[in-house]
Amino acid sequence: MKIIVTGGAGFIGGNFVHYEVKNYPGDQIVNLDLLTYAGNLETLKPVEDAPNYRFVRGDIADREFVFGLFEEERPDAVVNFAAESHVDRSIEDPGIFVRTNVMGTTTLLDACKEYGIGRYHQVSTDEVYGDLPLDRKDLFFTEETPLHTSSPYSASKASADLFVQAYHRTFGIPTTISRCSNNYGPYHFPEKLIPLMISRALADRELPVYGKGENVRDWLHVEDHCAAVDLILRHGKVGEIYNVGGHNERTNLEVVQTILRALGKPESLIRFVTDRPGHDLRYAIDPAKLTGELGWKPRYDFDSGIRQTIRWYLEHEDWWQRILSGEYSKYFDDMYGKRLG
Ligand code: NAD
Ligand code: TYD
């Protein structure tokens, strides 16, 4: 089958391209990515010469371009990872999140409607469910939990999900949606918590922890997410939503302390800084549907996954140093200058 993977130069999309190119030599993978600040072709070096892989630079919200690509490629499936993905950026500039995450999704769906498609898979997030209280460890997000978004990022992702469901119901597009918890692992852009803390701790720089560091995230290794998306793409039921998560809840402070211990760095690097506005308290996924119906099981727990991830960052310093020396440094100053003082 021929699969258009959008956002394949980003963190999760890049890992997914590696996964598909390696595991399905008989399939054709077309990676469509605009290469925004978050897109990095160096992530694709291990597959760039593979015969079943091709990269195309383009914008999922550019209708003429997307229709032209469908005309040329006639894909059997689309997996849409392309998005603006950082909550803090969505607070600074919500408009680009509407354009990419909502209009980009509807443009892809329109192309599927025009040219026909075997499967459209939307990569969504648990953030569409809003947050859970810190003192109710018994509560988890299920696929029936109402959408209740907090940030412009999560609002744009929830809107996209609703359009996907509308195109399924109204136009009969064969869609599936996955809603995953926070990912970590190789090729994660160093503006997100885990790679940010690893790269800064290695440089003995202060580590900005929002508020008191008590917010809880449910961490899943990116390879386990990729395996879940692949399973849903090939075996999931059309029209369905699947939650993806591995019951690995940690407070942000615990995550930072784990990283510091693993690197042999002191906790005195931690700085508690002004909290993120509207900061979601706790995310926690109930993956029972995915495990029960499709037999998915994560390979990593947080302890083994974070060890593998830290090792990867130590062994691939050139990958993230090149990001840090580019546009990222300017972004970092804009974002944290006022917080760190
Ligand atoms: P990322 O920011 O690392 O990558 C996004 C990619 O999309 C980049 O390569 C970027 O160049 C590309 N892109 C952006 N705008 C585009 C456009 N208009 N046209 C084409 N390409 C464009 O994001 P990520 O962390 O890899 O997340 C991928 C997807 O997974 C997103 O949809 C996100 O909402 C979802 N998700 C992420 C997490 C997480 O923890 N990172 C968890 C659950 C779901
Ligand atoms: P992030 O990686 O941005 O993912 P998300 O907001 O989508 O969950 O942040 C993970 C958690 O870490 C979140 O609660 C915010 C917090 N955080 C910090 O405390 N400091 C930071 O510098 C960053 C980037 C995040």
Side-chain angles (χ1 to χ4, degrees), residues 5-17 31-41 43-44 56-62 65-66 79-91 96-97 99-101 103-105 107-108 122-128 131 150-151 153-154 156-157 160-161 178-185 187-197 200 206-220 222 225-226 229 244-245 250-253 255-256 270-276 278-283 285 332 335-336 339-340:
V5 177
T6 72
F11 165 45
I12 309 174
N15 277 281
F16 185 74
V17 168
N31 175 6
L32 158 57
D33 197 296
L34 183 58
L35 298 182
T36 67
Y37 80 93
N40 185 353
L41 280 184
T43 298
L44 282 320
V56 183
R57 186 173 190 179
D59 181 353
I60 59 164
D62 178 341
F65 164 76
V66 169
V79 182
N80 182 25
F81 288 93
E84 289 293 332
S85 68
H86 191 35
V87 172
D88 291 330
R89 287 179 185 259
S90 83
I91 295 168
I96 184 71
F97 285 70
R99 185 179 184 281
T100 298
N101 299 2
M103 316 260 298
T105 298
T107 305
L108 291 169
Q122 178 74 2
V123 180
S124 186
T125 164
D126 61 354
E127 301 195 27
V128 299
D131 61 353
S150 311
S151 69
Y153 164 66
S154 55
S156 69
K157 293 295 290 184
D161 285 10
S178 52
R179 293 181 177 151
C180 190
S181 59
N182 285 64
N183 282 214
Y184 66 99
Y187 302 110
H188 204 177
F189 192 82
E191 69 179 352
K192 304 285 175 73
L193 181 74
I194 288 179
L196 180 82
M197 296 301 161
R200 288 183 69 84
E206 48 204 351
L207 308 181
V209 173
Y210 297 167
K212 296 186 192 137
E214 63 190 1
N215 303 61
V216 171
R217 295 294 182 264
D218 185 359
W219 293 98
L220 187 74
V222 64
H225 185 192
C226 291
V229 169
V244 189
R250 295 288 186 283
T251 66
N252 292 338
L253 191 56
V255 169
V256 175
I270 295 173
R271 292 282 178 283
F272 292 101
V273 300
T274 316
D275 209 351
R276 171 188 282 172
H279 197 173
D280 279 337
L281 292 173
R282 171 176 169 248
Y283 302 142
I285 280 277
F332 188 89
M335 192 62 79
Y336 293 102
R339 281 192 167 136
L340 288 171

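All ligand and atom numbering here is 1-based and tracks the order in the structure. What you see below is based on every heavy atom in this structure, not just the backbone, and it leaves out hydrogens, waters and symmetry mates.
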Original post:
Which of the numbered atoms in ligand 2 are below 4.0 angstrom from a heavy atom of P208?
Top reply: 18 (C), 19 (O), 20 (N), 21 (C), 22 (O)

Subject >> Cation-pi check, R57 onto F65 ring (under 6.0 Å, within 45° of axis) >> reply: no

Subject >> Where ligand 2 meets V209 - atom numbers and elements under 4.0 angstrom, heavy-atom basis >> reply: 19 (O)

**OP:** Would you mind telling me if ligand 2 is within reach of the side chain of V273, the backbone, both or neither, using heavy atoms under 4.0 Å?
**Re:** neither

**OP:** May I ask you to identify, for N182, whether its side chain, its backbone, both or neither come under 4.0 Å of ligand 2 on a heavy-atom basis?
**Re:** side chain

Original post:
Are any of the N or O atoms of Y283 closer than 3.5 Å to those of ligand 2?
Top reply: no

Original post:
Backbone N or O of R282 within a donor-acceptor pair of the D280 side chain at under 3.5 Å?
Top reply: no

**OP:** Could you list which atoms of ligand 2 come closer than 4.0 Å to a heavy atom of L196?
**Re:** 22 (O)

Original post:
Taking atom types as modelled and ignoring hydrogens, do the side chains of N80 and T6 form a donor-acceptor contact shorter than 3.5 angstrom?
Top reply: yes

Subject >> V87, portion touching ligand 2 at heavy-atom distance under 4.0 Å >> reply: side chain

Original post:
Is NZ or CZ of R217 both nearer than 6.0 Å to the six-membered ring centre of Y283 and within 45° of the ring axis?
Top reply: yes

Original post:
When the ring planes of F97 and Y153 are compared, do they come out parallel, tilted or perpendicular, using 30° and 60° as the limits?
Top reply: perpendicular

Original post:
Nearest heavy atom to atom 9 (O) of ligand 2: which of E127, K192, R276 does it belong to?
Top reply: R276

**OP:** Determine, step by step, whether F189 and Y37 satisfy the ring pair (Phe, Tyr, Trp, His ring centres under 6.0 Å) criterion, reporting the C-alpha distance in whole Å, the side-chain angles of both residues, the deciding distance to 0.1 Å, and the verdict.
**Re:** CA-CA 9 Å; F189 192 82; Y37 80 93; 5.3 Å; yes

Original post:
If you count the atoms of ligand 2 from 1 in the order shown, which ones are under 4.0 Å from a heavy atom of E191?
Top reply: 24 (C)

**OP:** Find all atoms of ligand 2 within a distance of less than 4.0 Å from any non-hydrogen atom belonging to H86, and give their numbers and elements.
**Re:** 3 (O)

Original post:
Measuring from S150:OG to E127:CD, what's the distance to the nearest 0.5 Å?
Top reply: 8.0 Å

Subject >> Distance filter under 4.0 Å to R217 heavy atoms, resulting ligand 2 atoms >> reply: 8 (O), 13 (C), 14 (O)

Original post:
Would you call D161 and R179 a salt bridge, using N to O less than 4.0 angstrom?
Top reply: yes

Subject >> Proximity winner for atom 15 (C) of ligand 2, if only heavy atoms of R250, H279, K212 are counted >> reply: H279

**OP:** Step by step, work out the side-chain contact (heavy atoms from CB on, under 4.5 Å) result for T36 and E84.
**Re:** CA-CA 9 Å; T36 67; E84 289 293 332; 4.2 Å; yes

Original post:
Is there a donor-acceptor contact under 3.5 Å linking the side chains of S85 and K192?
Top reply: yes

When you check ligand 1 against the protein, what N or O pairs turn up below 3.5 Å? List the atom names and distances, or just say none.
from, atom 1, to, atom 2, distance (Å)
ligand 1, 2 (O), S85, OG, 2.7
ligand 1, 3 (O), F11, N, 3.0
ligand 1, 9 (O), G10, N, 2.9
ligand 1, 9 (O), D33, OD1, 3.2
ligand 1, 9 (O), D33, OD2, 2.6
ligand 1, 11 (O), D33, OD1, 2.6
ligand 1, 11 (O), L35, N, 3.4
ligand 1, 11 (O), T36, N, 3.0
ligand 1, 11 (O), T36, OG1, 3.1
ligand 1, 18 (N), D59, OD1, 2.8
ligand 1, 19 (N), I60, N, 3.0
ligand 1, 21 (N), L34, N, 3.1
ligand 1, 23 (O), S85, OG, 3.2
ligand 1, 26 (O), F11, N, 3.3
ligand 1, 26 (O), I12, N, 2.7
ligand 1, 32 (O), F81, O, 3.1
ligand 1, 32 (O), K157, NZ, 2.6
ligand 1, 34 (O), Y153, OH, 2.6
ligand 1, 34 (O), K157, NZ, 3.1
ligand 1, 40 (O), N183, N, 2.9

Original post:
Looking at R89 and E191, does any basic side-chain N land under 4.0 Å from a carboxylate oxygen?
Top reply: yes

**OP:** In sequence, state the C-alpha distance, the side-chain angles, and the governing distance for K212 and D275, and then conclude on side-chain contact (heavy atoms from CB on, under 4.5 Å).
**Re:** CA-CA 8 Å; K212 296 186 192 137; D275 209 351; over 6 Å; no

